[in-house]
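The next block holds one structure in the form of structure tokens; read it before the comments.
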Amino acid sequence: MFVMLANMIKRDHFDSLQEKLPGVSSEDITQFENAKVGHVRKNLGLWKGDFDDLKPCWVKPSFSDDVEQTEGFVTFALTNGPEYHISQIADAVIVARNLGATLVMPDIRGSQPGDKRNFEKIYDVDAFMKSMEGVVRVVKDLPSHISTRNIAAVKVPNRVTEDYIAEHVEPIYRTKGSIRLATYFPSINMRKAGKKGDTDSVACLAMFGSLELQPEMHELIDSMVERLRTLSRTSNGQFIAVDLRIDMLDKKGCQGSDNDGEKSCYNAQEIAIFLRKIGFDKDTTVYVTESRWDSSLDSLKDLFPKTYTKEAIIPADKKTKFLDSEFEKVIDFYVSAASDVFVPAISGLFYANVVGKRIGYGKTQTLVPASSNFLSPYVSNKDHFAYSCYC
């Protein structure tokens with residue numbers, strides 16, 4: 001969705017990790033310290049600079065003359081974390097625009113029943129509404145004369161198409177007058193980019209040009225990123241973010257390989273050896289998407305002593321509010337998006353949408369330990385590297 005180059009490593013840089021590895025010993029560390037990685041450094045360009053000439057893929061549209069502006073409303077909620085919020089926003093905007101309906105500002109639902117907060121607790125309301133000017137009508141609240149009992153619940157697949165809306169959503173909308181939308185995700189396999197269509201520009205704008213953090217969250221993320229940069233003096237303030245969630249690694253989807261023998265998840269030890277093998281030295285600062293230290297991360301810290309979790313870098317006065325809460329996902333998402341290098345240890349929607357958000361920031365260096373299972377809809381393989389075209 002943005003013209004860019006995402007630097008990714010071909011799977012054969014990680015072939016040696018396909019076998020089960022023993023614990024990282026002092027001999028292993030010495031071996032990596034003495035490894036000849038000059039050729040890899042030359043090809044990879046460690047800490048390659050950001051691109052300043054990236055341009056957004058969208059041209060902000062105006063209200064379409066082809067769609068009759070109607071009196072109904074589309075309501076929805078944001079759920080499951082920021083990687084889902086981005087997709088849910090895009091689908092809601094596409095549906096409302098195609099129906100000529102007015103979009104109602106969503107609330108945010110947590111993982112527990114009754115866990116509900118207003119949009120402005122995480123995101124900037126004014127920035128969102130401004131971004132949607134000329135795209136779709138937006139109101140902060142459902143008008144009082146509209147009864148929620150008369151609003152029909154409608155599920156749509158992520159990356160909903162115009163044809164799907166016309167066939168499955170519009171008839172219900174015309175009958176009921178307003179709908180409550182819920183996006184479902186048929187698969188988190190990011191290998192297929194989907195069919196291009198006229199709605200791509202609008203979806204791109206909604207995903208990557210509409211959600212901005214509210215001031216307190218923005219300040220928190222900035223302070224954590226600045227802390228990581230301070231800890232990264234030996235690399236000119238540059239740091240790596242690794243999406244390495246222990247709870248995900250324990251789930252069935254991360255156990256073993258698929259039918260093609262390809263892995264979709266990598267543990268701390270495998271990521272540590274991958275990073276060292278391609279040339280990052282022991283002084284590299286690494287942020288991992290875990291709240292507190294877990295013993296399973298020890299093998300990563302053995303090779304990269306400057307490895308930190310949220311607990312280690314979040315300001316002390318913010319720990320009570322932001323640790324052990326739904327805000328943790330927001331922190332991980334936006335710190336990963338702001339990092340100089342992003343390494344996904346787990347394939348899925350978090351990886352896919354972090355890559356998209358990074359491109360919006362001009363951050364193009366994403367290193368992946370495998371290829372086909374780790375393709376976001378914004379990247380494709382070509383020769384030794386994966387090139388991403390966002391147009």
Side-chain angles (χ1 to χ4, degrees), residues 8-9 11 13-25 28 80-84 111 185 187-191 239-278 280 284 286-313 323-333 335-337 339 341-355 366-376:
M8 296 184 178
I9 306 306
R11 188 191 322 163
H13 285 163
F14 207 19
D15 281 346
S16 62
L17 297 181
Q18 297 299 330
E19 300 176 1
K20 186 176 181 180
L21 298 170
V24 179
S25 64
D28 294 325
N80 299 322
E83 70 271 30
Y84 287 86
S111 57
F185 296 80
S187 172
I188 60 172
N189 187 329
M190 296 292 107
R191 282 182 280 186
F239 70 95
I240 297 174
V242 181
D243 178 31
L244 188 62
R245 291 164 284 162
I246 306 304
D247 61 327
M248 292 294 293
L249 293 176
D250 290 337
K251 291 185 177 180
K252 183 178 179 180
C254 279
Q255 304 303 311
S257 306
D258 63 17
N259 293 332
D260 297 324
E262 297 178 346
K263 300 181 66 172
S264 59
C265 306
Y266 293 87
N267 62 34
Q269 179 177 269
E270 292 169 329
I271 292 297
I273 295 178
F274 167 64
L275 291 175
R276 186 58 65 85
K277 186 175 181 180
I278 64 176
F280 288 101
T284 301
V286 178
Y287 171 83
V288 294
T289 55
E290 272 293 313
S291 296
R292 294 177 171 81
W293 195 259
D294 186 272
S295 60
S296 64
L297 299 174
D298 289 347
S299 55
L300 177 58
K301 200 173 186 69
D302 285 341
L303 291 182
F304 296 95
K306 296 167 68 174
T307 297
Y308 304 97
T309 62
K310 283 186 286 297
E311 184 180 36
I313 62 169
L323 286 183
D324 300 317
S325 72
E326 293 295 324
F327 292 116
E328 290 188 1
K329 296 179 180 179
V330 179
I331 293 171
D332 286 334
F333 187 88
V335 171
S336 295
S339 65
V341 174
F342 175 57
V343 180
I346 304 167
S347 64
L349 199 64
F350 186 94
Y351 158 55
N353 283 344
V354 164
V355 169
T366 297
L367 308 181
V368 295
S371 54
S372 62
N373 269 359
F374 272 74
L375 289 184
S376 96

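Every heavy atom of this structure was used, including side-chain atoms; hydrogens, water molecules and symmetry mates were not. Keep in mind the model is a prediction, meaning the values are calculated, not measured.
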(request) Answer with yes or no after comparing the ring centroid distance for F185 and Y84 against a 6.0 Å cut-off, counting only values under it. (result) yes
(message) With rounding to the nearest 0.5 angstrom, report the CG to OG1 distance, L303 to T284.
(response) 11.0 Å
(message) Could you report the tightest heavy-atom contact between L367 and F280, atom names first, then the distance?
(response) CD1-CE1, 3.6 Å
(message) For a quick test of reading the model, state the closest non-hydrogen atom pair linking I346 to C265 and the distance between them.
(response) CG2-SG, 4.0 Å
(message) Show the nearest heavy-atom pair for residues V242 and A345, with the distance to one decimal.
(response) CG1-CB, 4.4 Å
(message) Looking only at the side chains, is there a donor atom on one of S291 and E311 sitting less than 3.5 Å from an acceptor on the other?
(response) no
(request) Fit a plane to each ring of F350 and F333, take the angle between them on a 0 to 90° scale, and name the class: parallel (under 30°), tilted (30 to 60°) or perpendicular (over 60°). (result) perpendicular
(message) Would T309 and L297 count as a side-chain contact (heavy atoms from CB on, under 4.5 Å) here? Give the steps.
(response) CA-CA 10 Å; T309 62; L297 299 174; 4.2 Å; yes
(request) Could you go through the side-chain contact (heavy atoms from CB on, under 4.5 Å) check for V354 and F342 one step at a time? (result) CA-CA 9 Å; V354 164; F342 175 57; 3.7 Å; yes
(request) Please confirm whether the backbone N or O of T307 pairs with a side-chain atom of K301, one donor and one acceptor, at under 3.5 Å? (result) yes
(message) Is it the case that the side chain of E290 and the backbone of I246 share a donor-acceptor pair, with hydrogens and angles ignored and the cut-off at 3.5 Å?
(response) yes
(message) Could you check whether Y287 and F239 have their ring centres less than 6.0 Å apart?
(response) no
(request) Please round to the nearest 0.5 Å and tell me the distance separating atom CD of E270 and atom CG of L249. (result) 9.0 Å
(message) Between D332 and R245 (salt bridge meaning N to carboxylate O under 4.0 Å), is one present in this structure?
(response) no
(request) Compare every heavy atom of G81 with every heavy atom of K329, then report the nearest pair and how far apart it is. (result) CD-CA, 3.9 Å
(request) Mind listing the closest non-hydrogen atom pair of L244 and N267 along with its distance? (result) CD1-C, 4.0 Å
(request) Kindly give the heavy-atom pair with the smallest separation between F304 and A272, and that separation in Å. (result) CE1-O, 3.4 Å
(message) Using modelled atom types and a 3.5 Å cut-off, is there a donor and acceptor pairing between side-chain atoms of D243 and backbone atoms of P344?
(response) no
(message) I'd like to know if R292 pairs up with D324 as an ion pair, taking the criterion as any Lys NZ or Arg NE/NH1/NH2 lying under 4.0 Å from an Asp or Glu carboxylate oxygen.
(response) yes
(request) Test K306 against V286 for side-chain contact (heavy atoms from CB on, under 4.5 Å), laying out the working first. (result) CA-CA 6 Å; K306 296 167 68 174; V286 178; over 6 Å; no
(message) Contact between V341 and V343 at the side-chain level, heavy atoms closer than 4.5 Å - yes or no?
(response) yes
